[in-house]
Amino acid sequence: MTEPASLRSRQPRFRGLEAGHRACQGCGEALAARLVTESAGPDVILTNATGCLEVFTTPWPQSAWRVPWLHSLFENSAAIASGVEAALKAQGRRTKVIAMGGDGGTFDIGFQALSGMLERMHNVLYVCYDNEAYMNTGIQRSSSTPHAAMTTTSPPGKNRMGKRHMKKDLLSIIAAHHVPYAASASVAYPQDLRRKVRRAMEIEGPTFLLVHSPCPLGWGHDGTLSIEIARLGVQTGLFPLIELERGEVASVMPIRNPVPVVEYLKRQGRFRHLFSDGDHRAREEREHLQALADYNIERYGLKGDGDDPLDTDGADTVRRGGPART
Amino acid sequence: MPVTMTRGAFALPGTSLAFKTGTWRNTRPIHTHAAAPCHGACPAGEDQQEWLARLQEGRPREAWEALVAMNPMPAVTGRVCPHPCESACNRGQYDSPIAIHGIERWLGDEAIRHNWAYPLLDVPVRSQRVAVVGAGPAGLSAAYHLLRRRYNVVLFDAMPEAGGLLRSAIPPTRLPRDVVDKELGRILALGIEFRPRTALGRDVSLDQLRSEFDAVFLGVGAGKSRHWDVDGAVPADLHEGLGMLKEWLVVGALPTPNAVVIHGGGNTAVDLARVMRRAGVKDVHVVTASGLPGPDTEPDDVLNVVPRELEQAVEEGVVFHPHRTINRLIMRGSKVVGVEMVRLKKLPDGRGRKSRVSFEGTETVLHVDMVVPAIGEVVDPTGMESVLHGKDYIKTDRFGRIDGQAGLFAGGDARDWLKGLTGGTVSAAIGDGRRAAEAIDALLSGREAVEPVRPPIRYDRLNLAYYENRPRIPLPTLELEKRNDTDEIEGGPSGAQALAEANRCFSCGNCLACDNCWTLCPDNAVVKTTELASDGSHYVFDYDYCKGCGLCAKECPCGYIDMVPDE
Amino acid sequence: MLEALEGSQAIARAVALCRPGVVAAYPITPQTHIVENLSKLVADGRLETELVSVESEFSAASVALGASAAGSRAYTASSSQGILLMAEVLFNISGMRLPVVLTCANRALGAPINIWNDHADSMAVRDCGWIQLHCANNQEAVDTSIQAFRIAEATELPVMVCVDGFVLTHTLETLEMPDQKLVDAYLPPFRFSRMLDPKHPLSLGTLVGPEYFAETRQAHHRALLDSVGAILEADRAWQAATGRSCGGLLTVEGPEDARIGVLAMGSLVSTFEEAMEVLPGRKKAKLIKLRAFRPFPDEALRHVCEGLTDLVVVDRAISTGFGGVLGGEVRSALLEMKKAPKVHNVALGLGGRDVPMEMWPRLLAVPKEVEGFRILDLDPAKLEPADL
């Protein structure tokens, strides 16, 4: 039988997030959540901040989740996760708690609750699906929005070139909590993402994962390109993939051939104003973003030396029967 | 029917399946098994991508079985074919093409070593009898493919052994005779009734065969040298190339002038040049109207020679004069003392057809004491008058059918080739034999002959992010000083090398089973199947939920997924 | 056993007797002593619970929410601004029908900042969908805290136990602490039907659109109305076990033929009970103690108001621009009576202003003095005339 309906129940992977959810076409966050839950397995309890993920997965009476899932508010995913974890501890249950939120719910409004959760050393994996703006409310800038990006609250105009400020360096703040493990990952590198989820799941204590998750609507690109753009985000150095142990950089995904940032920028509507002819500010901001990427590359030592099976070129290599490395 | 509100509005797991997001879609992904360029370029019709896939799965025997479904003699073709598959290989645009010929040769040798049985088709035994004339590559291929389809086949040849030009025109340094003996022996042993020393027109007539058999295939080859002269001038002691090569192969005799010019651009010319060099001829020149492989040479203008043979010939000291022809023989009495060459090139004429144009003022002189034409051969008309109609070759369609001669088929070098990139090769002859077998089967079964053709895949449809640069395996070559007239010059890969090389295959246009679509679908709308799906892939699209985002198509490394408008 | 205990300490001990799985603690005056005492019980090994010392009241409520959903008895406490910071979560806890118990040590709301007692905080979250029970003294605070868990778990509705900040929380009283055996018998082990459990993976806190939202509200409303039964049952069962009742939904005392009634909530009731004896005044009066503010016991209230000509409703909060919250609600509840008493609404003791026993006779004079609403214990000298 090769009918989809009968095959669905016999898939050789755990389905934490089921089909029938209402994410947009090519949604990076839906993909990231699917990958995270399937890597984490069935013995988890999820908490979810208010946002796209919550909305598109649970329009009552339907739910796309196959694991216990709890949503309360925009800013308290980490706090309700703390409560769930405390209850599990009280009951002697070993189930792992995964708290989830977007960048708004993590970098901004839920930041305090997250810090509290990390400080209290709750045994929770917090996953932030970073699509770099408030997408659920219609693309407003967050502290995670990259410099110069256009959002509805950072529109370009005579006096502005998109967002004035820098993307908040959240991982460094997480690092300052000296948690056992924190990492950044990207939907463009699913094997790396899965490995990081599994690593975090093994650790007793607070862990943090920042997953770069393109939003076709918010970033202004065709849904078809979500992976390609995420890949360029990593290959340019704008979204470095790093791992922190107790706050120290423990490993990075080396970039084999750094790609100029314009390759990343020009594919996205949110940077369209950086390509307007005859505007000297456009060139300036492109150079600025290139400098930010170069800064990341230098700061984390991202430039690889030679071919490395785990670098930006090697990590997504496939062969017959699956990814070349798992 | 409204649903009853649950306490606190909780929902049950996985109930989103009731919401069919497939209705959002306006384009849908489909699997399109396009033709990999290797397959598209293969004159024998092999699907290299398919058998490389079996090898990637670690199943060499299945790989060989998939291969011999098209070409029964991979040990031979892996050695002698100019492998247009490798020239076409997409990997060539990325790093270097897959060493397909090396893997093919390894599979052929493995099959001989393990005596793997040729898989015959699971069809009822046929009562009809088919005569195949000529046990060269075309005839052997036709006989094999007919036998696979369970026909009674009688194979005739004028020579005492099967093989045709494999024995008479290819030096053992390229094709060891024991490989020919073993591979051809295994094919004949499948149950082909072989009648050697039976020449058409001498021992048996075409009419006789046509009345005795339900169909006749003519794979008689082109055994007669094409007439050659330069403005009507011919040296008194003219030796022509193929004849010289045959004589050397059979008797071992070879004239050894001080300097020779061989006129021609095929394997005969190059083989002869190398043999003469090794026999001690100081200056061996090859003058050819074709070009050497390179960026400036059009694909249809390259020497029709196995590329690595060309390299080895140059290594061995053969001097090539590409894009030239012989304009004039310089004679002292009836003896040649030199030739005048002129440059030429294939250029389109006023009607867009390419023809050779020579360039006045580019004449140069070569001092030689022998000139050997090797410009090709034509069909020996003995016993064939009724089909040749005075022409050099037999005119057929692509299935080998001869107009107005029901039940009579032809293929291989005897057929009226549109001489080009692949014409006149062993592989082309094998392809001819196979297509003719299909046409014969169709005729005897009362159906239409078919040759499935798939659309080719473009290089830009591949997603190269998922491949890594990996060098092509080096194949061993006998050192220059160790080369002689008998030992095979080129070696084959080891098993590990063959497997490693197979793993370099991009799997253009066909499912690599890499899981990318399954892994990257945000909507869980790609499901995986352990059994093969009806379209041959390992994945099934769940159109109930697929939103048509196209991520799977974009991220498929192989270009196997197309987005098409949804009804 | 009778013990002299500070209110906060007594409440902490009562909560501990209920064996909460998770306690979320965050300090705010005047609630602080409750979480301090709980922390000490944990430190001393007298209470086995996951004590989560959170970084805000917002997280305290969130932790309680998560813990409850994950199948643990969850408790937290707060006051004033803390209650407001929790407000969002309070609505969530009840909307998800989670049996959380919270002690509100009632305190005024700023600005201006004021740490002393009134009911502005719990009134501000009047509509958050919780059961709200008010305690007249610390014995009631102890007993109600225990009853609250039984009620919450029977109804799957959260319960807010309101105790007057400082007046009760910081006051030593002699009271009877039940023993563990009694509480264990009274309060069955925690069980939550929709517990987060990988074996039965439910989704809690879903999105509900216009097509179903009204139904969620009706179901919640009906549950609160029906919780009257659970509140009465819990008190009766408690009385059977201890001989003490907290007065169900409301109680009334005073002579049967009194025509004037005074209605109050919380510790004021104790003050007035005392005053009725010490300073009875010339008029006969009934004292109505309202224990259940949510669900609002309008039927029971109409019943006890039969025969009254005037009812003085004492609020300890003000809905600025309207008047007393309680007054307004009582007035509307009594409208359905054939011969409803006239309602006179006053506010007393805002921001911790002392309400002495001497206030009782003044209250009895209110029917002649106050039409509508007035803050009764104002000092006009402290106001610009225009603000009077």
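Quick note: numbers below take in every heavy atom, side chains included, and nothing from hydrogens, waters or symmetry partners. The structure displayed is predicted, hence computed values, not measured ones.
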Colleague: With distance as the sole test, does Gln25(A) use its side chain to make a donor-acceptor pair with the main-chain N or O of Lys547(B) at under 3.5 Å?
Modeller: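 Answer holds: yes.
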Colleague: Side chain of Asp523(B), backbone of Gly20(A): donor and acceptor closer than 3.5 Å?
Modeller: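 No, the answer is negative, given that no donor and acceptor are paired below the 3.5 Å cut-off.
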Colleague: Heavy-atom cut-off 4.5 Å, strictly under: side chain, backbone, both or neither for Val67(A) against chain B?
Modeller: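 Val67(A) has no heavy atom closer than 4.5 Å to chain B.
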Colleague: Give a yes or no answer on whether the side chain of Thr224(A) reaches the backbone of Cys549(B) with a donor-acceptor pair at less than 3.5 Å.
Modeller: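 At least one qualifying donor-acceptor pair exists.
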Colleague: Can you tell me how far NZ of Lys554(B) sits from CG of Leu225(A), rounded to the nearest 0.5 angstrom?
Modeller: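 Answer for the CG-NZ pair, Leu225(A) versus Lys554(B), is 5.5 Å.
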Colleague: Heavy atoms only: give me the nearest Pro522(B)-Cys27(A) pair and the separation to one decimal.
Modeller: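 For Pro522(B) and Cys27(A), the tightest heavy-atom pair comes out as CB-O, 3.5 Å.
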Colleague: Just how far is it from atom CD of Glu18(A) to atom OG1 of Thr15(B), taken to the nearest 0.5 Å?
Modeller: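 So the CD of Glu18(A) and the OG1 of Thr15(B) are separated by 10.0 Å.
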Colleague: Hey, what do you get for CG (Leu31(A)) to OG1 (Thr519(B)), rounding to the nearest 0.5 Å?
Modeller: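 So the CG of Leu31(A) and the OG1 of Thr519(B) are separated by 9.0 Å.
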Colleague: Any donor-acceptor pair under 3.5 Å linking the side chain of His538(B) with the backbone of Gly321(A)?
Modeller: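 Such a contact is absent between His538(B) side chain and Gly321(A) backbone.
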Colleague: I'd like to know if the side chain of Arg10(A) and the backbone of Thr530(B) have a donor-acceptor N/O pair within less than 3.5 Å.
Modeller: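 Absent.
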Colleague: Between Arg22(A) and chain B, which part of the residue has a heavy atom less than 4.5 Å away: side chain, backbone, both or neither?
Modeller: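 Both parts, heavy atoms under 4.5 Å.
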Colleague: Any chance the side chains of Thr6(B) and Trp60(A) put a donor and an acceptor closer than 3.5 Å?
Modeller: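 Yes, Trp60(A) and Thr6(B) have a side-chain donor paired with an acceptor closer than 3.5 Å.
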Colleague: What part of Glu468(B) gets within 4.5 angstrom of chain A, counting heavy atoms only: side chain, backbone, both, or neither?
Modeller: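 Contact with chain A: backbone and side chain both.
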Colleague: Sort Val527(B) into side chain, backbone, both or neither according to what part of it lies under 4.5 angstrom from a heavy atom of chain A.
Modeller: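 Contact with chain A involves both backbone and side-chain atoms of Val527(B).
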Colleague: I need the minimum non-hydrogen distance between Ser16(B) and Ala64(A), along with the two atoms involved.
Modeller: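 Scanning both residues, the minimum pair turns out to be OG-CA, 3.1 Å.
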Colleague: Atom CG of Leu520(B) and atom CZ of Arg34(A): how far apart are they, to the nearest 0.5 Å?
Modeller: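 Those atoms lie 7.5 Å apart.
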Colleague: Tell me, side chain or backbone of Met5(B) under 4.5 Å from chain A's heavy atoms, or both, or neither?
Modeller: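 For Met5(B), heavy atoms of backbone and side chain both lie under 4.5 Å from chain A.
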Colleague: Roughly how far, to the nearest 0.5 Å, is CG of Asn503(B) from CZ of Arg320(A)?
Modeller: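 It is 9.0 Å, given to the nearest 0.5 Å.
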Colleague: Looking only at heavy atoms, what is the nearest atom pair of Asp316(A) and Ala465(B), with distance?
Modeller: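 Heavy atoms only, the tightest pair is OD1-O, 3.1 Å.
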Colleague: Between Arg319(A) and Tyr467(B), is there a donor-acceptor pair closer than 3.5 Å when you use the side chain of the first and the backbone of the second?
Modeller: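 Not confirmed, Arg319(A) side chain does not pair with Tyr467(B) backbone.
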Colleague: Restricting to non-hydrogen atoms, name the atom on Gln62(A) and the atom on Ala18(B) that form the minimum distance, rounded to 0.1 Å.
Modeller: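 Distance-wise, the nearest heavy atoms are NE2-CB, 3.9 Å.
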Colleague: Between Tyr543(B) and chain A, with a heavy-atom cut-off of 4.5 Å, which part of the residue counts as in contact: side chain, backbone, both or neither?
Modeller: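 Neither; nothing under 4.5 Å.
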Colleague: Does the ring of Trp518(B) carry Arg13(A) above it, NZ/CZ under 6.0 angstrom from centre and within 45° of its axis?
Modeller: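 Relative to the ring axis of Trp518(B), which defines the angle, Arg13(A) lies inside both limits.
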Colleague: Select one option (side chain, backbone, both, neither) describing which atoms of Leu12(B) are under 4.5 Å from chain A's heavy atoms.
Modeller: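 For Leu12(B), the contact with chain A is made by the backbone alone.
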Colleague: Please find the pair of heavy atoms, one from Val3(B) and one from Pro61(A), that lie closest to each other, and give the distance.
Modeller: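 Answer, listing the atom of Val3(B) first, then Pro61(A): CG2-CG, 4.0 Å.
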Colleague: At a 4.5 Å cut-off on heavy atoms, which part of Ala553(B) comes close to chain A: side chain, backbone, both, or neither?
Modeller: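 For Ala553(B), no heavy atom lies under 4.5 Å from chain A.
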Colleague: Heavy-atom distance under 4.5 Å to chain A: side chain of Tyr545(B), backbone, both or neither?
Modeller: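 For Tyr545(B), side-chain heavy atoms alone lie under 4.5 Å from chain A.
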Colleague: Quick check on Ser537(B) against chain A: is it the side chain, the backbone, both or neither that has a heavy atom closer than 4.5 Å?
Modeller: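 When you check distances to chain A, no heavy atom of Ser537(B) falls under 4.5 Å.
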